[in-house]
Asks: 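Below you will find the structure I want to go over with you.
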Amino acid sequence: DAGVTQSPTHLIKTRGQHVTLRCSPISGHKSVSWYQQVLGQGPQFIFQYYEKEERGRGNFPDRFSARQFPNYSSELNVNALLLGDSALYLCASSPDLATDTQYFGPGTRLTVL
Amino acid sequence: AQKITQTQPGMFVQEKEAVTLDCTYDTSDPSYGLFWYKQPSSGEMIFLIYQGSYDQQNATEGRYSLNFQKARKSANLVISASQLGDSAMYFCAMRGVSQGGSEKLVFGKGTKLTVNP
């Protein structure tokens, strides 16, 4: 079975631009979570979506938004990019809202110049 | 709020030897879960092992075992018979609750493990 997939793998943007990152969960998984991992740190929670609704949000500004589609895939959008948004963005899926294990994709490495 | 502390920025081990990676946690929840993930240089977080707070026995998965000491609030990862492919970042995490009430993972800063031939 295919794991969590993310696209693109790498992305370079300039300050002020916006970016859209995409994630496809493991087949049968209905919950998708997004994490930001800056260099030298552990991942930090951004959002969780389940059944197309936002179910959880971390301490990130409103420039960050996301959505989930009927096929459970998800997009993370970041507007007005700042240099500090440079990070590895990880998507994780789990079968439902309250489950023990989240499975991660390979991530999208975003560089903001 | 939940907090994970990993005090070892880097660890070195000889191939075929065992190594212990430290993790301490803090939470006020009576029920919680603890996880270990491996992150190679490629970036993907690979799930290794899970321990529930009410599990009676320490979790094991192949060469990985979790030394869970509830009173000390520690959940150390033990890797036996280290292999060169074990060289990676290792993250300890616990289940927390986000704004909105959904579950999230709270991660430590990680430990970089290097296995020497």
Side-chain angles (χ1 to χ4, degrees), chain A residues 2-6 8-11 23 26 29-51 53-60 62 64 66 68 87-110, chain B residues 1-10 21 23-25 29 31-55 59 61 64 66 75 88-112:
Chain A
V4 177
T5 59
Q6 292 186 244
T9 54
H10 294 85
L11 205 51
C23 170
I26 292 171
H29 285 195
K30 298 180 180 180
S31 174
V32 169
S33 297
W34 288 94
Y35 292 81
Q36 180 197 62
Q37 185 180 18
V38 299
L39 197 62
Q41 300 292 323
Q44 294 234 325
F45 173 76
I46 310 175
F47 287 112
Q48 184 187 35
Y49 274 76
Y50 177 74
E51 293 284 11
E53 291 187 7
E54 180 183 305
R55 298 302 185 106
R57 171 184 280 262
N59 293 325
F60 281 81
D62 291 344
F64 289 76
Q68 187 178 33
L88 179 67
Y89 289 85
L90 294 161
C91 172
S93 77
S94 54
D96 55 39
L97 191 59
T99 190
D100 288 336
T101 302
Q102 295 184 12
Y103 296 90
F104 285 80
T108 293
R109 197 168 296 275
L110 172 65
Chain B
Q2 292 78 21
K3 184 178 180 181
I4 294 286
T5 302
Q6 294 180 255
T7 58
Q8 306 158 314
L21 306 184
C23 171
T24 58
Y25 61 90
D29 293 337
S31 175
Y32 50 89
L34 294 152
F35 304 79
W36 277 92
Y37 285 85
K38 171 185 178 182
Q39 187 176 44
S41 57
S42 60
E44 182 174 357
M45 298 286 282
I46 301 168
F47 167 71
L48 295 178
I49 197 166
Y50 167 79
Q51 178 84 45
S53 57
Y54 290 118
D55 292 344
E61 288 286 350
Y64 304 108
L66 201 151
M89 285 292 293
Y90 288 81
F91 289 93
C92 181
M94 75 181 305
R95 197 170 53 225
V97 180
S98 70
Q99 300 173 30
S102 74
E103 294 192 345
K104 65 176 182 180
L105 289 175
V106 177
F107 287 85
K109 292 188 175 182
T111 295
K112 183 176 182 180

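What you are looking at is a predicted structure, and each value in this text was computed from that prediction instead of being measured. Just so we're on the same page: letters track the sequence lines, and every chain starts at 1.
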Asks: Measuring from atom CZ of Arg95(B) to atom OG1 of Thr101(A), what distance do you get when rounded to the nearest 0.5 angstrom?
Replies: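 Atom-to-atom, Arg95(B):CZ and Thr101(A):OG1 are 9.0 Å apart.
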
Asks: What residue, out of Glu44(B), Lys112(B), Met89(B), has the most heavy-atom pairs lying under 4.5 Å from chain A?
Replies: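 Most heavy-atom pairs within the cutoff with chain A belong to Glu44(B).
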
Asks: Heavy-atom distance under 4.5 Å to chain A: side chain of Gln39(B), backbone, both or neither?
Replies: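 Only the side chain of Gln39(B) comes within 4.5 Å of chain A.
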
Asks: Please enumerate all residues that pass ring pair (Phe, Tyr, Trp, His ring centres under 6.0 Å) together with Phe60(A), with sequence neighbours excluded.
Replies: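 By the ring pair (Phe, Tyr, Trp, His ring centres under 6.0 Å) rule, Phe60(A) matches Phe64(A).
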
Asks: Once you round to the nearest 0.5 Å, how far does CG of Leu90(A) lie from OH of Tyr37(B)?
Replies: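 Spacing of CG (Leu90(A)) from OH (Tyr37(B)) equals 10.5 Å.
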
Asks: Let me know if Gln37(A) has heavy atoms under 4.5 Å from chain B in its side chain, its backbone, both or neither.
Replies: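 Just its side chain gets close to chain B.
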
Asks: Which answer fits Tyr35(A), side chain, backbone, both or neither, if we ask what part of it has an atom under 4.5 Å from a heavy atom of chain B?
Replies: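 When you check distances to chain B, only side chain atoms of Tyr35(A) fall under 4.5 Å.
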
Asks: So, using side chain to side chain donor-acceptor pair (under 3.5 Å) as the criterion, who are the partners of Arg55(A) when residues are at least two apart?
Replies: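 Partners of Arg55(A) by the side chain to side chain donor-acceptor pair (under 3.5 Å) criterion come out as none, since no residue qualifies.
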
Asks: Return the minimal non-hydrogen interatomic distance between Pro43(A) and Met45(B), and the atom names on each side.
Replies: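 For Pro43(A) versus Met45(B), the nearest heavy atoms are CG-CE, 4.0 Å.
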
Asks: Just how far is it from atom CD of Gln102(A) to atom CZ of Phe47(B), taken to the nearest 0.5 Å?
Replies: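 Atom-to-atom, Gln102(A):CD and Phe47(B):CZ are 11.0 Å apart.
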
